[in-house]
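First listed ligand is number 1; within each ligand, the first listed atom is number 1.
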Amino acid sequence: MANTEFGYVRNFEQLDALPPSNWIVVRIDGRGFTKLCKKYDFQKPNDKRALDLMNASATEVVKQFVDVVLAYGQSDEYSFILHENAGMFERRASKLATSVSTAFTAEYCMQWSTFFPDQPLERPFPTFDGRCVAYPKRKILRDYLSWRQADCHINNLYNTTFWNMVLKGGMSTTEAEYALKGTVSSDKNEILFSKFGINYNNEPLIYRKGTVIFRAYDTESEVNGGSTAGKVPDPTSKSQMEKAKKRKQKARIAVEHVDIIRPSFWEVYPYILGTGAGKSSTE
Ligand code: ATP
Ligand code: ATP
Ligand code: MG
Ligand code: MG
């Protein structure tokens, strides 16, 4: 068969399975969004419609990929966290990154008109790149998420101050940039308050904290798939895996703008980074 003659080319493919027992982060990021923002006239510093579209797209991705336990998004990026035991695509990095980023891209383009009804999408259509990183410990994964949320805070504080100086303060972008050089957070808070009467802490949470998406289970039995305390289901059994998948597909998807740096979020939802059988995420 022709296949046998040509089949050897498969040996050139690189193995890219991510190591077992690692938390996998698939981060997608909009390509050239600085330009796209200008083209579609995104409001500065934050265009709520664009963030809502990102969140609506991410919600569909979380629904579709049941191995995703949590997603965190800000600006033109989203991080999808796959459970340490996730087995999807044999954990192959390129399959995961391309499948998630293309699913996200398709949602973003297909849902665009809902959020921007007066601005038809034109070529080049928005696309998102994707990459995978494996983190060997919950603690490091938590630090990763803290890093992204801290980035959201730093950028948003800067952008809020910068755009107030430009749009309300009458400065040119160059002047505002120069004035903000070397300033620390407290300086920016002070500028916002004294010059523009803005208390940064009252700015909408979606801008300050970004967006967290996860499956919300309202009862203990929903978390454990109906098993009573003490009876731990065998997570490797095929029928249990099918049941778990169905349960995840049925779950309510929560979309929240909350702090995920401090422990309180993880204490309220210990099952998000748990084993599915009661192990707490704070361990
Ligand atoms: P790359 O292709 O390398 O990612 P990029 O132009 O997309 O390049 P980013 O670093 O990803 O660069 O930055 C995204 C830009 O889009 C930032 O300037 C950010 O402020 C802007 N942006 C993203 N979302 C919004 C939004 N909802 N409202 C206003 N601006 C936004
Ligand atoms: P995976 O997600 O692993 O890629 P898959 O179902 O996409 O799974 P492929 O190996 O990619 O599996 O096979 C694609 C399937 O789609 C094949 O069965 C192929 O015959 C069918 N297919 C693709 N294009 C066409 C087409 N134009 N007309 C009819 N069948 C098609
Ligand atoms: Mg980008
Ligand atoms: Mg970005």
*Just need the protein heavy atom nearest to atom 29 (C) of ligand 1, so name the residue and atom and give the distance.*
Pro45 O, 3.4 Å

*From Leu15 atom CG to Arg92 atom CZ, the distance as rounded to the nearest 0.5 Å*: 8.5 Å

*Heavy-atom nearest neighbour of atom 4 (O) of ligand 1 within options Asp29, Thr34, Asp52*: Asp29

_Backbone or side-chain N or O of Cys37 under 3.5 Å from ligand 1 N or O_ = no

*Do you see a donor-acceptor pair shorter than 3.5 Å between the side chains of Asp143 and Tyr135?*
no

*Taking just the N, O or S atoms of Asp76, which one is nearest to the Mg ion (ligand 3)?*
OD2

_Lys35-ligand 1 polar pair, N/O distance under 3.5 Å_ = no

*Looking just at side-chain N and O atoms, do Asp47 and Tyr40 make a donor-acceptor pair shorter than 3.5 Å?*
no

*Please confirm if an N, O or S atom belonging to Gly30, backbone or side chain, lies less than 2.8 Å from the Mg ion (ligand 3).*
yes

*Identify the protein heavy atom lying closest to atom 28 (N) of ligand 1, giving its residue, its atom name and the separation to 0.1 Å.*
Asp47 N, 2.8 Å

*Could you list which atoms of ligand 1 come closer than 4.0 Å to a heavy atom of Gln43?*
28 (N), 29 (C)

*Could an N or O of ligand 1 be found under 3.5 Å from any N or O of Asn46, whether backbone or side chain?*
no

*Give the residue and atom name of whichever protein heavy atom lies nearest to atom 20 (O) of ligand 1, and the separation in Å to one decimal.*
Lys44 NZ, 3.7 Å

*For residues Gln74 and Asp151, is any side-chain donor paired with an opposing acceptor at under 3.5 Å?*
yes

*Top protein contact for atom 19 (C) of ligand 1, by heavy-atom distance*: Ser75 OG, 3.6 Å

*Will you find, in the side chains of Arg27 and Tyr72, an N or O donor that is under 3.5 Å from an N or O acceptor?*
no

*With a distance cut-off below 6.0 Å to the six-membered ring centre and an angular limit of 45° from the axis, does Arg252 pair with Phe214 as a cation-pi contact?*
no

*Among all protein heavy atoms, pick out the one at the shortest distance from atom 25 (C) of ligand 1; state its residue, atom name and that distance to 0.1 Å.*
Phe42 CD2, 4.1 Å

*Among protein heavy atoms, which sits nearest to atom 7 (O) of ligand 1, and what does the distance come to when rounded to 0.1 Å?*
Phe33 N, 2.8 Å

*Run the contact test for Arg49 against ligand 1 with a 4.0 Å cut-off on heavy atoms, strictly below, and give the result.*
no

*Considering only non-hydrogen protein atoms, determine which one is nearest to atom 2 (O) of ligand 1 and report residue, atom name and distance to 0.1 Å.*
Gly32 N, 2.7 Å

*Lys/Arg-Asp/Glu bridge criterion (N-O < 4.0 Å) met for Arg49, Asp52*: no

*Going by atom types only, do Asn46 and Asn159 share a side-chain donor-acceptor pair under 3.5 Å?*
no

*Look at atom 12 (O) of ligand 1 and say whether a protein heavy atom is found at less than 4.0 angstrom from it.*
yes

*Measure the CD1-CG distance between Ile191 and Leu157 for me, rounded to the nearest 0.5 Å.*
9.5 Å

*Begin with the C-alpha distance, continue with both residues' side-chain angles, and end with the deciding distance and a verdict on salt bridge (charged side-chain N to carboxylate O under 4.0 Å, His left out) for Lys95 and Glu90.*
CA-CA 9 Å; Lys95 281 237 179 194; Glu90 286 89 44; over 6 Å; no

*Heavy-atom contacts with Ala50 under 4.0 Å: which atoms of ligand 1 show up? List them by number with element.*
27 (N)

*Could you tell me whether Tyr178 atom OH has more than 12 heavy atoms of other residues or ligands within 6.0 Å of it?*
no

*When you measure from the Mg ion (ligand 3) to each N, O or S atom of Asp29, which atom gives the shortest distance?*
OD1

*Contact (N/O only, under 3.5 Å) between Asn159 and ligand 1*: no

*With a cut-off of 4.0 Å, which atoms of ligand 1 are near a heavy atom of Arg31?*
2 (O)

*What's the spacing between Leu70 CG and Trp23 CH2 if we round to 0.5 Å?*
10.0 Å

